[in-house]
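Here the structure is laid out as structure tokens; the discussion comes afterwards.
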Amino acid sequence: MSRFFAGGSDSDSDSSSDSEPVLRQQVAQFTFSDEEEDVKRVVRSKKEKRYEDLSNIIKSIRNHKKIKDMSSVLTSFEEFMRAYTKALPVVMKEEHGVTPRIVVRALAELEDFVNESWDDKDSRKNLSKNNNKALGTLRQKFRKYIKDFESDMKRFRAAPEEFAEEEDDDEREEEKGSDDEQEKVVVQPDLPKTVSFKKEPEKFKPVKPADDSDSSDWGSDSDSDSTSSDEDAKYTSIRDRFLKKPEKGTDEQTTAPSGATGDEAFKKEKKKKTGEALKKKKPKQDEMFDENEEEEEGWKVVNGTRSGASEQPKMFAKDAEIDTKLVVNKLNEVMAARGKKRTDRKMQIEFLRELRTVAETNNLGPAVAAKIRFNIVSAIFDYNPKVSGAMKLEHWSKLLEEILELLKLLLAHEDVHLSESILDEHEEYDTAPFKIRGCMLTAVERLDDEFIKLLKECDPHSNEYVDRLKDEVPVTNIIEQVVTYVERLGNEMEICRIYLRKIDHLYYKFDPNVLKKRKGQLPPNTVTSVEDMDKLCRYIYAKDQTDRLRTRAILSHIFHHALHDNWFQARDLVLMSHLQETIHHSDPATQILYNRMMANLGLCAFRHGNIKDAHLCLVDLMMTGKPKELLAQGLVPQRQHERSLEQEKIEKQRQMPFHMHINLELLECVYLVSAMLLEIPYMAAHEFDARRRMISKTFYQQLRSSERQSLVGPPESMREHVVAAAKAMRHGDWNACATFIVNKKMNVKVWDLFYEANRVREMMVKFIKEESLRTYLFTYSNVFASISVPHLADMFKLPKSKVHSLISKMIINEELMASLDDPTETIVMHRSEPSRLQALSMQLADKVTNLVDANERIFEMKQGNFFQRGGNQGYNRDRQNYRNQNQNQNWNNNRRQDNRNRGNRGNQNRGEGREQRDHHRDHHREQREHREHQREFREQREQMRNVEYQNKAE
């Protein structure tokens, strides 16, 4: 029988169990024990129920936080909100409206957890889609819910130990209640082998086991009794037995008469440790060392690095003589581990810095210092394992410092040559000129790429992006120093590469000194960015041997010219380079630069008043409906198929940084206004033309969708303003059109983004007046017999000379059938335009003619196929009949006759087919001549009618 359930000694129980058989008594079917009669029903108050629900939910939230199960945390938080709402009446009544401390502490812990999870971008990327979504929802709900507890949260942040006391008291009460139900252990020091258990009869009643198999399975208990009693002597309670190590408080209480005293001492010790931890807030590593000092068993503390890299080897022996060869060998030894699996990158950087310190201390020369610094730069680049991800900020700042120091060293010592063409065995560190293997240009290009990655990682609307953008100043300074260094080496290919890097940081930046110098506000010898770009690009045009560098230089040069309103230089470069014919063969980055160049060129043309050129530059971008993707300023969700993760990752790497973006709303507005100024007069001039073509499909769709709406309200968006302006222009109302285009809302959204915005607005109003005049004349010319030029000038607020010029151009281009009478300053209409009924009749005649031509063309194709098949089909059919009729004749006679028949009939069929085709062609020729005569007759009749109209008018 087991000693845990016996009242006496184990030896007595063993002997009795071996000698006497166990007799089982019959148990009554319905019995009522003393335990069931003594158990009382516990009635809990409403406060206890509500607080127990809250504590259970808080425990579940803590458990879910440990495994970062965001969905379960969100669900438990929603349950917590509902439970606390139910508990509010109890809180108001019992606590007088004061929030319970356990609730405040739980909310504070959840707030810290949500903020840490949201700020840790790397771990957020590793979360699943559901957990990521749940984290965002939890953050929004928590921020909204926490507003009611701001005062309580401030009190908690000020004194967290006050809230910890209540939580420990609650735990103490719970543990006391649970410990009362547990067995109490009493250790008698005089009898080490005897262990007894005191029990309360109403709480626990031992049951004698039916079969005692302990002795048969595990041997005699006499050997184990001594060891078990010794072990029991160490512990005062069952709880202490299963702890990892005995606490100091429990060791002191081994002779206590009850196990409860040990538990109380343990709880006091725990409370004391919790208070000290909250007050001191020691780091985790210090706590680890403190715990290890208290441990009786020898635990060994290891760091988080791998075993192979955690042991730092000695740099040099104590008695070693430090010279160049020894340092270089040690450097090669450290760099040999680069890229290997068990290499600690951070430790490698520390080794190299220590080696640099040793080299500087022993004054080993500039070549060794340059070699070590270059390897430090390479090691910092290698620290980031992800090629697509950006490096950490602390490494970025160290990288800038190392490259600046390296460049300072190289520029100060001209006898140090750093080049890729130098082999490892040809390196020279002792005598000048020093030769080192490496490429400074490659390092700077990698630095520039890392800077772009850092900008892409930041939120463009945050202060962090502005802080990172400030690093462009040291990056450009580094590029300038590398330009000086590479020019000193004289390698043309490397000079072209570093010039292009400088161009990439210069081409999109606006320099107001260019326009001031053009106006004469600055002296002529002032150097502007346009002159710098011209110098750099011309060198690349002359010296570059690859098409890519030259193409990117041309595109950047055009972009910079267009940015500073050099319209003619930019246009000539585009036309001479013929890039629009070959750009689709380029890489995606060059195609993106081409799209950016065309967008900026269109804006430049618009600022110069070249509306047609602006429309031609922008139409290819805007017709696709996805200029955002073409300019690499964001990804648009695709309707037909979703992108794969790999494809989306590649496209995100191609995106442009936010400070280089072109305003898409400005671009679309310029395109729509240009299309309106071209499309509306054309629609008015060709209202009844069946062959009318669309100049701008996008603008036409916007206009038609607005016309289909039954109720059109006042315009709100930029597109609605342009459509409303187009409708006003169709009626010749220039004032309403200009008001819709140039107003306070449109100025803020679009026009104020231009340099010299007032000049652009005045130019737009002028063009609106001119195109409204042309539209008015096209629309209402058949109503007037003559129109006064001064009246038109007063109606459209234009000078008489401008009105006269516009009308003269329309008459010369045969857009308006009229003549100018200079003495009376009037326009005499010739009324050559047909009426609406005549125009519709002419449209019908043209459509019928086109239909007849198409029908005859189809019939001609069918007839030609029939004549080509006819001869062979007739021959085969006749040959089959002939064979059926002469089956009994000789085969040789049949074959000869067959050959004769085939020759005669084939020639006959070919002759008949040729005659029919000739006859058919003659018939069609006669029909065409007849139609031409009819067309000439209609034209003569129309001319006669025009003459009659003119005679009547006179």
### Query
Parallel under 30°, tilted from 30 to 60°, perpendicular over 60°: which one fits the rings of Phe658 and Tyr465?
perpendicular
Using 30° and 60° as the class boundaries, would you call the ring planes of Phe142 and Phe77 parallel, tilted or perpendicular? tilted
State plainly whether the residues [X] and [Y] are in salt-bridge range, i.e. N to O under 4.0 Å.
X	Y	value
Arg468	Asp459	no
Asp152	Arg155	yes
Lys47	Glu95	yes
Arg157	Glu111	yes
Glu457	Lys125	yes
Lys652	Glu648	yes
Glu394	Lys398	no

Do side-chain atoms of [X] reach the backbone of [Y] as a donor and acceptor pair under 3.5 angstrom?
X	Y	value
Ser705	Gln702	yes
Lys86	Arg50	no
Tyr51	Pro100	no
Arg654	Ala632	no

We want to know whether Ser71 and Asn130 form a side-chain donor-acceptor pair, criterion being a heavy-atom distance below 3.5 angstrom.
no
Residues 627-638 vs salt bridge (charged side-chain N to carboxylate O under 4.0 Å, His left out), sequence neighbours excluded, gives Glu629-Arg643
Please test Asn743 against His721 for side-chain contact (heavy atoms from CB on, under 4.5 Å), starting from the C-alpha separation and ending with a verdict.
CA-CA 10 Å; Asn743 52 53; His721 276 85; 3.4 Å; yes
Exercise. Less than 4.5 Å apart, any side-chain heavy atom of Trp118 and any of Leu135?
Worked result: yes
Considering only heavy atoms from C-beta outward, does the side chain of Leu603 approach that of Leu667 to under 4.5 Å? yes
Those residues at least two apart in sequence (or on a different chain) that pass side chain to side chain donor-acceptor pair (under 3.5 Å) with Asp467 are none
Heavy atoms of Gln655 and Gly634 approach each other most closely as OE1-N, 2.7 Å
Please assess Tyr383 against Met391 for the test side-chain contact (heavy atoms from CB on, under 4.5 Å), listing each intermediate value before the final yes or no. CA-CA 8 Å; Tyr383 190 82; Met391 63 170 54; over 6 Å; no
Using the rule given for side-chain contact (heavy atoms from CB on, under 4.5 Å), can you reason through Leu447 versus Leu400, listing the C-alpha separation, both sets of side-chain angles and the distance that settles it, and then say yes or no? CA-CA 8 Å; Leu447 173 75; Leu400 288 178; 3.9 Å; yes
Does a sphere of radius 6.0 Å around [atom1] in [X] hold more than 12 heavy atoms from other residues, nucleotides or ligands, not counting ones at 6.0 Å or beyond?
X	atom1	result
Lys509	NZ	yes
Met81	CE	yes
Arg139	CZ	yes

Could you go through Arg105 and Glu109, starting from their C-alpha distance and side-chain angles, then the distance that decides it, and tell me whether this counts as salt bridge (charged side-chain N to carboxylate O under 4.0 Å, His left out)?
CA-CA 6 Å; Arg105 183 175 181 82; Glu109 291 176 354; 3.4 Å; yes
Original post:
Less than 6.0 Å separating the ring centroids of Tyr84 and Tyr145?
Top reply: no
Could you walk me through whether Ile662 and Arg596 pass side-chain contact (heavy atoms from CB on, under 4.5 Å), step by step?
-> CA-CA 8 Å; Ile662 300 173; Arg596 287 169 52 81; 4.3 Å; yes
